Amino acid sequence: MNEIAALQQSADALFLMLGAVMIFAMHAGFAFLEVGTVREKNQVNAMGKIITDWGVSTVVYFLVGFPLAYGINFWLDAGSLVNLINGQPVEGARGFDLLHCFFLTTFAACIPAIISGGIAERAKFWPQVAAGAIFAGLVYPLFESLIWGRFSCFQTWITKVAGAPFHDYAGSVVVHSVGGWLALPAVIILGQRIGRWLNGKSQDIPISNIPFLSLGSWILAIGWFGFNVMSAQDFEGITGLVAVNSLFAMVGGILFAVVFSKNDPGFVHNGALAGLIAICAGSDLVHPFGAFFIGGIGALIFIFGFKLETEKLRIDDVLGVWPLHGITGSWGGIAAGIFGQKALGGLGGVSLGAQLIGTVSAAVWALLAATVVYSVLKATVGIRLESHEEERGADLSIHKIGAYPERHIR
Amino acid sequence: MNEIAALQQSADALFLMLGAVMIFAMHAGFAFLEVGTVREKNQVNAMGKIITDWGVSTVVYFLVGFPLAYGINFWLDAGSLVNLINGQPVEGARGFDLLHCFFLTTFAACIPAIISGGIAERAKFWPQVAAGAIFAGLVYPLFESLIWGRFSCFQTWITKVAGAPFHDYAGSVVVHSVGGWLALPAVIILGQRIGRWLNGKSQDIPISNIPFLSLGSWILAIGWFGFNVMSAQDFEGITGLVAVNSLFAMVGGILFAVVFSKNDPGFVHNGALAGLIAICAGSDLVHPFGAFFIGGIGALIFIFGFKLETEKLRIDDVLGVWPLHGITGSWGGIAAGIFGQKALGGLGGVSLGAQLIGTVSAAVWALLAATVVYSVLKATVGIRLESHEEERGADLSIHKIGAYPERHIR
Amino acid sequence: MNEIAALQQSADALFLMLGAVMIFAMHAGFAFLEVGTVREKNQVNAMGKIITDWGVSTVVYFLVGFPLAYGINFWLDAGSLVNLINGQPVEGARGFDLLHCFFLTTFAACIPAIISGGIAERAKFWPQVAAGAIFAGLVYPLFESLIWGRFSCFQTWITKVAGAPFHDYAGSVVVHSVGGWLALPAVIILGQRIGRWLNGKSQDIPISNIPFLSLGSWILAIGWFGFNVMSAQDFEGITGLVAVNSLFAMVGGILFAVVFSKNDPGFVHNGALAGLIAICAGSDLVHPFGAFFIGGIGALIFIFGFKLETEKLRIDDVLGVWPLHGITGSWGGIAAGIFGQKALGGLGGVSLGAQLIGTVSAAVWALLAATVVYSVLKATVGIRLESHEEERGADLSIHKIGAYPERHIR
Amino acid sequence: MKYIIAVIQPSRLEAVKEALSEIEVFRLTITDAQGLGRQRGHTEIYRGHEYKVNLVQKVKLEIAVSDEYVEPTIEAISNAARSGEEGRIGDGKIFILPMDEVVRIRTRERGEDAI
Amino acid sequence: MKYIIAVIQPSRLEAVKEALSEIEVFRLTITDAQGLGRQRGHTEIYRGHEYKVNLVQKVKLEIAVSDEYVEPTIEAISNAARSGEEGRIGDGKIFILPMDEVVRIRTRERGEDAI
Amino acid sequence: MKYIIAVIQPSRLEAVKEALSEIEVFRLTITDAQGLGRQRGHTEIYRGHEYKVNLVQKVKLEIAVSDEYVEPTIEAISNAARSGEEGRIGDGKIFILPMDEVVRIRTRERGEDAI
Ligand SMILES: Nc1ncnc2c1ncn2[C@@H]1O[C@H](COP(=O)(O)OP(=O)(O)O)[C@@H](O)[C@H]1O
Ligand SMILES: Nc1ncnc2c1ncn2[C@@H]1O[C@H](COP(=O)(O)OP(=O)(O)O)[C@@H](O)[C@H]1O
Ligand SMILES: Nc1ncnc2c1ncn2[C@@H]1O[C@H](COP(=O)(O)OP(=O)(O)O)[C@@H](O)[C@H]1O
């Protein structure tokens with residue numbers, strides 16, 4: 001293999017590997033965002049869920065999800081695996097397909113991690129693991145296969161009716177909105193935490209630890225640059241526009257949240273994430289100043305969406321994952337169709353109609369899938385802890401140990 | 001574009017992007033260093049300040065600072081932006097200028113982050129945000145433009161009088177000393193925290209959380225390798241010398257601090273940072289063993305400078321940012337002129353005179369700017385919390401919530 | 001130098017630098033894993049040990065260890081240092097040798113970091129630092145020189161008797177098992193913590209902080225991908241197989257631990273690490289599904305090994321570093337000889353006999369070295385805190401300050 | 001005047017506070033406490049080792065009252081502090097101690113008016 | 001002998017300690033407490049939701065004294081524990097309870113000498 | 001009936017609990033406390049600044065007992081709470097206060113049977 005090709009192969013491998021590791025790191029962020037938000041009696045459980053979901057998602061996505069979405073499987077000896085590019089044998093491929101699957105696994109694993117934050121503090125452990133496996137192994141990859149994967153039919157149809165395919169560069173819709181809209185039925189079917197509403201009065205439950213919450217938010221924001229930039233999935237395709245659009249969307253989310261939430265640390269640190277969720281879809285298309293507003297509006301959606309959801313609709317979504325990932329993710333899909341237009345300084349080539357179709361179908365698909373899965377689980381194994389277990393806390397009930405043993409064991 | 005050029009462009013983009021993200025991560029370090037040092041009643045505010053300053057710095061530096069310092073602005077459509085290198089259109093530029101500005105934004109954003117640690121626990125929120133905006137948008141870029149930027153006049157003059165231009169590879173002076181010397185007037189004009197001195201007796205205020213402090217220090221140290229190595233700002237220019245000099249300066253800082261502070265965790269974890277601050281300027285010039293002493297001396301400067309500042313001069317600099325970033329940063333500028341000499345195993349081509357001129361002018365400029373800005377702010381909107389607000393803590397007074405709600409809400 | 005060569009040099013530099021920084025970051029993970037496991041009165045000390053050991057290891061490895069193992073030293077001026085590859089002057093080498101040594105330093109520094117977790121809460125500070133220096137400067141490099149370094153004799157002999165050299169891609173044996181087996185005599189000679197056994201009854205001491213423990217575990221797991229993937233030590237050599245094998249071994253460790261420890265957070269978060277330790281040696285050889293079981297078995301070894309060690313053998317190994325790094329590391333060496341075989345989907349070219357020889361010799365060497373070093377230290381300067389110092393806690397006794405000053409100073 | 005000390009379940013604090021304010025006892029001092037009694041503790045497991053936790057979290061209330069308030073206060077507490085209809089082991093106790101004097105720091109008032 | 005219980009503002013602890021040592025009361029036991037009384041709590045807001053915090057942080061002092069020390073101790077505390085000239089709502093209370101006996105564990109001394 | 005308050009060294013808690021259960025005193029309430037007394041505190045140093053910590057960590061036990069149990073309880077505590085043979089400064093005190101009444105919330109029992 002000639003020197004240049006060798007460099008290219010190595011570069012692609014490094015590029016995907018760095019992206020995969022950065023997104024893997026984001027899962028520590030999911031864990032701490034939840035650890036900081038739940039009560040101390042549920043912190044161990046928060047971490048246990050995230051790390052277990054990661055493990056399960058990896059297995060099911062490699063074995064089922066990726067083969068389903070891209071038609072490539074790994075039932076070959078290691079020698080052949082390293083020399084695979086898009087399923088074809090290539091000398092010196094540096095395990096490209098393996099890395100590609102690793103990279104996409106980190107996306108799939110976000111689905112259970114997102115849901116985890118909504119159902120926190122009261123869900124049974126194993127049923128939720130099972131649900132996560134179904135989502136990461138089937139529900140998500142099926143939709144992925146239609147948008148990014150091997151089944152072009154859907155995109156062809158969208159292009160026919162709307163003039164352009166549905167554009168989702170880094171998963172505002174495919175990943176985040178799917179995760180968020182899957183979480184909505186989960187949270188509703190699970191029901192409110194004990195004590196969240198007392199005789200018709202809203203009794204919001206104080207969160208435990210804002211430094212941990214903000215640590216989670218920082219870790220997520222940092223890893224996010226891998227999430228978006230490495231979504232090029234090919235070294236040649238890297239572009240600073242994606243990086244800087246991510247930056248501006250995040251900053252827009254932060255600043256809008258600081259102003260409109262009157263400096264509320266929960267909204268500010270989640271505002272940064274709202275901005276990043278909203279920009280994924282159009283990060284390769286829009287102008288940085290457009291990204292600023294996409295992110296800022298994303299933060300507003302979270303702020304007002306969260307209040308609406310938890311106070312008006314009385315949905316006890318602990319981390320607010322439906323407004324954060326669901327609604328804001330959908331906004332990201334639509335926003336790409338608006339700010340991506342040349343008229344607004346974008347690169348163009350995107351259709352608002354296509355964005356609407358793709359965005360809505362993701363939400364519908366997720367709502368259906370989650371409703372079925374959780375209804376079945378509830379009817380069979382049950383998805384909620386006994387009330388006394390919930391009151392003792394998921395840590396003692398599920399893991400038999402609290403988060404700060406030295407403090408309470410004596 | 002031929003394959004090699006394509007690889008080079010992608011490599012430059014990845015290089016800058018990784019650097020920018022690593023330095024962005026350092027801001028989480030700034031946040032936790034402060035969270036661990038302030039009292040629990042001010043932890044939320046510490047995080048709020050850092051994340052808000054980051055957002056504001058990004059906006060002002062892209063809109064004002066960078067154009068000012070390098071004569072490049074971003075009022076073009078996205079399509080043109082991606083193909084810009086140093087303001088010139090280049091096919092397949094991969095958004096180089098955008099990334100370049102992102103990278104340098106992370107430097108500018110260090111200025112308010114540095115000051116934040118000095119004025120902690122008693123400053124008003126918005127006036128400080130405003131000050132940060134002025135520094136990141138004007139004060140810092142102006143000096144930057146003279147040393148690294150488009151106005152060569154100053155460097156030409158220095159070269160004439162001192163035989164070589166002022167050398168500051170990664171910003172010991174341009175970034176850290178400017179930040180630290182800006183903080184000095186800020187802290188003085190703001191005044192001591194309530195209770196810091198009781199009828200003439202020094203009453204140092206216990207810090208809250210050493211694990212968080214050390215987490216901050218670790219995050220900063222890790223990201224610092226992006227700060228220094230990626231300062232090459234061009235993939236071809238990467239050199240292991242910078243990485244290893246950073247390592248040795250950090251290690252020198254740690255070990256000197258362990259010995260001379262008798263294992264004081266505050267000095268040890270900040271000693272690592274002192275070493276890294278001191279090496280930035282000469283990291284591309286000096287010998288690793290020289291770097292070891294540059295860092296070690298940096299740590300000593302912090303240890304004794306901090307005691308002098310807080311006990312003798314009675315300046316209530318909460319994190320000790322003036323001795324840490326200011327004095328140690330200046331030491332870094334001068335040290336490059338000493339250890340950079342061939343005689344001491346360095347690469348040479350540096351002049352002590354030039355280093356002195358550059359270093360002193362940075363300090364003077366920063367002192368002037370901060371004195372003006374804070375005097376005006378104090379005279380107009382005011383910069384300090386009411387005493388009862390300060391006593392309740394910045395968290396409740398500004399953010400309306402404490403850091404550990406579950407513990408005290410019932 | 002032509003453009004391609006320039007790209008290759010820069011790429012090698014970036015590759016090694018990223019690896020070194022990722023492993024440097026792992027040391028923050030070691031720190032928090034220990035901080036979370038020891039009692040609050042020993043948390044400052046945990047961090048102090050890790051950061052000091054890092055500093056000392058860097059110095060001794062650059063000055064003694066690396067020259068010993070690879071025959072390259074750094075007593076040249078900076079100008080020559082930057083142009084060195086494997087000790088030979090090469091134009092535009094980008095400081096390859098410096099980076100190479102930096103990268104390997106991060107391995108050497110793992111040795112004291114591993115031991116630190118076993119001897120926690122009762123060891124004197126300086127004697128342990130001295131021991132760490134001896135291990136990182138001599139004991140480890142000596143073995144390294146035989147397996148990876150300049151003394152080929154041992155490997156030649158192994159090849160003669162066993163048909164293939166001893167294969168340890170990323171240090172299951174050379175790094176982890178050496179560290180773990182060095183820790184065993186250390187912990188035994190040091191003796192149990194006060195109160196660990198009361199009149200023959202086991203009184204396990206509650207750990208302080210599971211979120212910190214899990215933070216440490218996450219940081220370690222993330223950095224580990226640098227540890228394994230960058231062990232190629234050359235950009236051309238990067239392969240996704242290593243990355244994905246690391247992923248699967250980690251996931252195997254997590255899932256086996258979740259199931260077999262009944263969701264015990266200590267075992268789950270350490271199970272991930274056990275998986276990663278076990279895979280290092282064969283990560284370039286085995287099939288991902290083989291890696292899954294290598295990691296899973298690694299976790300089982302830790303779970304049952306830890307109980308055996310602490311309850312039956314009554315060895316008070318606070319973090320369980322002997323079963324975790326020692327036994328599991330040895331398992332990793334052997335596993336490479338099994339799952340690496342073509343018959344099991346591996347790349348082959350490895351011999352179980354050779355793996356056994358290498359693995360056993362590492363354990364023996366470590367046991368001998370540690371027994372000598374700690375016996376001498378105990379007989380001379382002493383290695384254990386006075387009982388009243390231990391009862392007050394290492395923080396107050398050694399560092400004169402507790403981890404949360406605000407809470408207990410008033 | 002009496003000094004009433006009540007040890008109750010943390011989960012009942014809200015209810016007790018309300019019950020007390022209904023009988024116009026608005027002032028009390030609260031401390032976190034741990035109790036040992038008939039109520040059994042629980043076991044925790046970490047890395048395979050069992051920990052017996054025999055202390056139970058409780059909340060301690062201290063209320064200084066004038067004599068005529070003693071019975072109503074006892075009533076209020078023992079009604080509100082019970083978990084479920086006929087109460088559960090661990091619901092706690094009320095201790096009534098004699099008190100000679102009270103002083104309100106702010107006003108230096110003493111006796112009944114200071115309560 | 002009396003058992004004096006005083007509930008004060010945390011910010012006044014230093015002053016009270018000094019005042020007591022001036023009248024040679026060097027021994028006391030301190031616990032953190034939360035108070036309910038005339039002093040109003042505060043409201044916190046997180047993610048748009050309001051939390052009423054009606055418990056106020058207090059510090060509780062317990063001091064066993066022989067009878068002749070009772071008045072001086074009350075004096076010392078009520079002077080030092082006041083915030084500002086004429087005090088502020090929330091400055092707290094002093095409760096004086098009768099005490100039958102004291103034992104110093106170390107020496108087994110009893111009564112006055114044990115105090 | 002008496003209300004016994006004992007302040008002891010945290011390290012002695014286990015021993016005291018055992019000693020009490022031996023004389024069949026199974027019920028008590030525990031709070032963390034900080035003590036000021038003869039026992040001297042310690043100094044901490046951070047960033048070169050000295051902090052005097054003169055409060056010492058203690059554990060406070062509260063035990064309501066019927067009169068015949070008073071002496072045994074005092075005995076049990078003062079034996080078990082001593083550090084070393086002849087005790088060490090800081091071992092603490094036992095305060096015995098009169099108690100008029102006890103109520104078991106669960107059963108509404110009063111007096112001796114409620115203890
Ligand atoms: N004699 C006592 N002295 C002090 N505290 C007591 C006493 N008896 C009970 N308590 C407190 O009351 C709590 C509840 O008592 P317990 O015996 O568990 O339930 P119950 O009172 O319903 O029988 C105990 O945990 C302890 O804190
Ligand atoms: N009757 C009481 N019983 C127990 N504690 C009391 C009583 N009255 C006041 N306190 C304690 O004293 C504190 C201050 O009392 P408060 O009524 O707020 O102010 P003031 O005493 O100045 O009117 C309260 O928070 C409470 O902790
Ligand atoms: N008169 C007192 N009132 C309240 N608490 C006391 C009194 N005397 C001692 N104590 C408590 O007992 C602890 C031990 O007392 P100290 O004088 O230090 O040792 P010793 O009692 O052995 O002389 C103190 O820290 C304090 O908490």
Side-chain angles (χ1 to χ4, degrees), chain E residues 1-8 10 12-34 57-67 69-70 73 76-77 80 95-115, chain F residues 1-9 12 15-16 19 29-41 52-62 65 67 70-100:
Chain E
M1 300 180 293
K2 301 292 178 194
Y3 195 78
I4 300 178
I5 300 175
V7 179
I8 63 170
R12 308 304 303 156
L13 178 57
E14 268 314 309
V16 170
K17 269 160 57 184
E18 275 171 26
L20 285 171
S21 57
E22 269 161 26
I23 59 160
E24 280 166 335
V25 172
F26 299 114
R27 296 171 169 180
L28 49 121
T29 301
I30 296 170
T31 43
D32 291 315
Q34 299 179 298
Q57 278 302 323
K58 299 286 166 189
V59 165
K60 201 173 89 185
L61 309 179
E62 291 165 71
I63 317 171
V65 292
S66 51
D67 299 340
Y69 269 97
V70 175
T73 304
I77 295 177
F95 309 101
I96 294 88
L97 280 59
M99 177 170 73
D100 303 352
E101 183 59 283
V102 194
V103 182
R104 165 171 285 122
I105 289 169
R106 171 168 51 95
T107 58
R108 282 210 160 65
E109 288 162 283
R110 294 205 172 196
E112 305 269 328
D113 346 348
I115 282 181
Chain F
M1 301 178 292
K2 301 292 180 193
Y3 195 77
I4 301 179
I5 300 175
V7 178
I8 64 170
Q9 299 279 26
R12 308 304 304 158
V16 170
T29 301
I30 296 170
T31 42
D32 291 315
Q34 300 179 297
L36 208 59
R38 184 107 48 91
Q39 180 188 9
R40 287 182 38 261
K52 299 240 159 309
V53 183
N54 43 32
L55 296 178
V56 211
Q57 277 303 324
K58 300 284 164 189
V59 165
K60 201 173 88 185
L61 311 178
E62 290 164 72
V65 293
D67 300 340
V70 175
E71 277 312 317
T73 305
I74 294 178
E75 264 317 293
I77 296 176
S78 36
N79 290 334
R82 298 168 125 215
S83 16
E85 256 330 290
E86 70 296 315
R88 229 187 274 115
I89 288 184
D91 282 349
K93 303 258 175 105
I94 307 173
F95 309 102
I96 294 86
L97 280 59
M99 178 170 71
D100 303 350

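Computed over heavy atoms, backbone and side chain alike; hydrogens, waters and symmetry mates excluded. Letters A, B, ... are given to chains in the order of the sequence lines, protein chains preceding strands, and every chain is numbered from 1. None of the values given here were measured: they were computed from a predicted structure.
In terms of heavy-atom proximity, F:Ala81 sits nearest to E:Ile105 at CB-CD1, 3.8 Å. Between E:Thr29 and F:Ala33 the shortest heavy-atom distance is CG2-CB, 3.7 Å. Looking at every heavy atom in both residues, F:Asp32 comes nearest to E:Thr31 through O-CG2, 3.2 Å. Between F:Lys93 and E:Ile115, the shortest heavy-atom distance links the atoms NZ-C, 3.2 Å. The shortest heavy-atom contact between F:Pro98 and E:Asp100 is CD-OD1, 3.3 Å.
Among F:Ile74, F:Leu97, F:Ile89, F:Ile96, the residue making the largest number of heavy-atom pairs under 4.5 Å with chain E is F:Ile96. Comparing F:Val7, F:Val56, F:Val70 by heavy-atom pairs within less than 4.5 Å of chain E, the highest count is held by F:Val7.
Remark: F:Arg88 engages F:Ser83, F:Asp91 in a side-chain contact (heavy atoms from CB on, under 4.5 Å) (not counting sequence neighbours). By the salt bridge (charged side-chain N to carboxylate O under 4.0 Å, His left out) test, E:Arg12 pairs with no residue at all, sequence neighbours left out.
Both the backbone and the side chain of E:Leu28 come within contact range of chain F, each with at least one heavy atom under 4.5 Å from a heavy atom of that chain. When heavy atoms are compared at a cutoff of 4.5 Å, F:Asn79 approaches chain E by way of both its backbone and its side chain. In this structure, no portion of F:Ile4 lies under 4.5 Å from any heavy atom of chain E.
With rounding to the nearest 0.5 Å, the separation of CD1 in F:Ile5 from CD1 in E:Ile5 is 6.0 Å.
Taking 4.5 Å as the heavy-atom cut-off, the residues of residues 17-26 of chain E that approach chain F are E:Lys17, E:Phe26, ordered by number.
Applying the salt bridge (Lys or Arg N to Asp or Glu O under 4.0 Å) rule to pairs touching residues 70-86 of chain F yields E:Arg108-F:Glu75, E:Arg110-F:Glu71, sequence neighbours excluded.
Between F:Lys60 and E:Glu62, at least one side-chain nitrogen of the basic residue sits less than 4.0 Å from a carboxylate oxygen of the acidic one, meeting the salt-bridge criterion.
The side-chain heavy atoms of F:Gln39 and E:Arg106, taken from C-beta on, include no pair separated by under 4.5 Å.
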